[in-house]
Amino acid sequence: MLAEDSVLLREGLIGLLARFGHEVVAAVGDAPALLTAVEEHAPDIVVTDVRMPPGFQDEGLHAAVRLREGRPTLPVLVLSQYVQRTYASELLDSGDGSGVGYLLKDRVGQVEEFVDALHEVANGGTVLDPEVVRRLLRHRRDPLQRLTPREREVLALMAEGRSNGAIAKDLVVSEAAIGKHINGILTKLNLPLEEGTHRRVLAVLAFLRA
């Protein structure tokens, strides 16, 4: 289910999704139509813009949150031209907390990343644009003062859902070093030291949205 008021972007996304084997059961251009179409088609995932008619404010986001109130497990991937911290927070707190994503529209141009994000959200995962993560981290300056600059870098990558190996590769350090940084981060932020990337990301997101 696709909701995007820009005809060019909407048609482009329909073609892109079809190319990767996904069927767009309906494509609409405003929030009221989104609510109606989801009720009619019961899609596997909703991809929606934040700002849409009639007011071009946050209609798409509010529609997404409203949909997840009725269907808490409905996966929703939100696209936005700009980073709005409150938008991201509302989305993370909607439904049962699973199957949500927030990407900047520029990310759609990176086809593989966009499709990977779509699959992750459809499977119940959480995907946040790196810039959204940075904004959330900046909002939580006081608790983060306990972290070293390197630990803050690692935390941002953790919140993006990166594995230890991927973080190590990105920062050009050993995986063992990343493991030590993560243990230090979780200890300093009083987060549970649980195994598994999924639980770890959920713990970090719980901290970010607090």
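Only heavy atoms go into these numbers, but all of them, side chains included; no hydrogens, no water, no symmetry mates. Positions are given from 1, in the same order as the sequence printed here.
The hydrophobic cluster containing Phe20 also contains Leu118, counting ILVMFWY residues as joined when their side-chain heavy atoms lie under 4.5 angstrom apart, directly or transitively. Linking ILVMFWY side-chain heavy atoms closer than 4.5 Å, directly or via other members, places Phe56 and Leu79 in two distinct hydrophobic clusters. At a threshold of 4.5 Å between side-chain heavy atoms, the hydrophobic network of Ile, Leu, Val, Met, Phe, Trp and Tyr places Val25 and Leu34 in two separate groups.
When side chains are defined from C-beta on, Pro43 counts as touching Val38, because their heavy atoms get closer than 4.5 Å. Between Arg68 and Val76 the shortest side-chain heavy-atom distance falls below 4.5 Å. Side chains of Phe114 and Leu13 form a contact here, defined as non-hydrogen atoms less than 4.5 Å apart. When side chains are defined from C-beta on, Asp44 does not count as touching Met1, because their heavy atoms never get closer than 4.5 Å. Looking only at side-chain heavy atoms (C-beta outward), Glu120 and Asp116 stay at 4.5 Å or farther from each other. Under the 4.5 Å side-chain criterion, counting only non-hydrogen atoms from C-beta, Ile182 is in contact with Met158. Side-chain contact between Leu147 and Leu155 is present, with heavy atoms from C-beta onward closer than 4.5 Å.
Between atom NZ of residue Lys169 and atom OG of residue Ser163 there is a gap of 10.0 Å, rounded to the nearest 0.5 Å. With rounding to the nearest 0.5 angstrom, the CG atom of Leu17 is 11.0 Å from the CD atom of Glu23. Summarising the geometry, atom CG belonging to Leu157 is positioned 5.0 Å from atom CD1 belonging to Ile167; distances are rounded to the nearest 0.5 Å. With rounding to the nearest 0.5 angstrom, the CG atom of Leu9 is 9.0 Å from the CD atom of Gln81.
With sequence neighbours excluded, the residues satisfying salt bridge (Lys or Arg N to Asp or Glu O under 4.0 Å) with Glu113 are Arg107.
The number of heavy atoms from other shown groups lying within 6.0 Å of CG (Asp170) is above 12. Taking a 6.0 Å sphere around CD of Glu39, one finds it holds 12 or fewer heavy atoms contributed by other residues, nucleotides or ligands.
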- Task: Kindly indicate, with the supporting measurements, whether the criterion side-chain contact (heavy atoms from CB on, under 4.5 Å) is fulfilled by Thr48 and Met52.
- Result: CA-CA 9 Å; Thr48 180; Met52 290 195 299; 3.7 Å; yes
- salt bridge (Lys or Arg N to Asp or Glu O under 4.0 Å) assessment of Lys105 paired with Glu4: CA-CA 11 Å; Lys105 286 187 176 180; Glu4 167 60 54; 3.3 Å; yes
- Task: Output, in order, the C-alpha distance, side-chain angles, deciding distance and verdict of side-chain contact (heavy atoms from CB on, under 4.5 Å) for Glu59 and Gln57.
- Result: CA-CA 6 Å; Glu59 289 85 354; Gln57 296 297 318; 3.9 Å; yes
- Item | Worked check of side-chain contact (heavy atoms from CB on, under 4.5 Å) between Leu77 and Val46 | CA-CA 6 Å; Leu77 177 58; Val46 171; over 6 Å; no
- Query: Taking it one step at a time, do Leu67 and Leu35 satisfy side-chain contact (heavy atoms from CB on, under 4.5 Å)?
  - Reply: CA-CA 7 Å; Leu67 287 169; Leu35 296 173; 3.7 Å; yes
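Between Ala117 and Val127, the shortest heavy-atom contact is CB-CG1, 3.9 Å. Between Pro53 and Pro32, the shortest heavy-atom contact is O-CD, 4.3 Å. Residues Val28 and Ala33 share a closest heavy-atom pair of CB-CB, 3.7 Å. Across every non-hydrogen atom of Ala31 and Ala63, the tightest pair is CB-CB, 4.2 Å. For the residue pair Ser80 and Val50, the shortest heavy atom distance occurs at CB-CG2, 3.8 Å. Nearest heavy atom pair, residue Ile14 against residue Ala27, reads CD1-CB, 3.7 Å.
Between Asp5 and Arg51 there is no salt bridge, since no side-chain nitrogen of the basic residue lies less than 4.0 Å from a carboxylate oxygen of the acidic one. Using a 4.0 Å cut-off between charged nitrogen and carboxylate oxygen, Glu153 and Arg150 count as a salt-bridge pair.
No donor-acceptor distance shorter than 3.5 angstrom exists from the side chain of Glu40 to the backbone of Ala37, with no hydrogens or angles considered. Asn164 places no side-chain N or O within 3.5 Å of a backbone atom of Ile178 that could act as its donor or acceptor partner.
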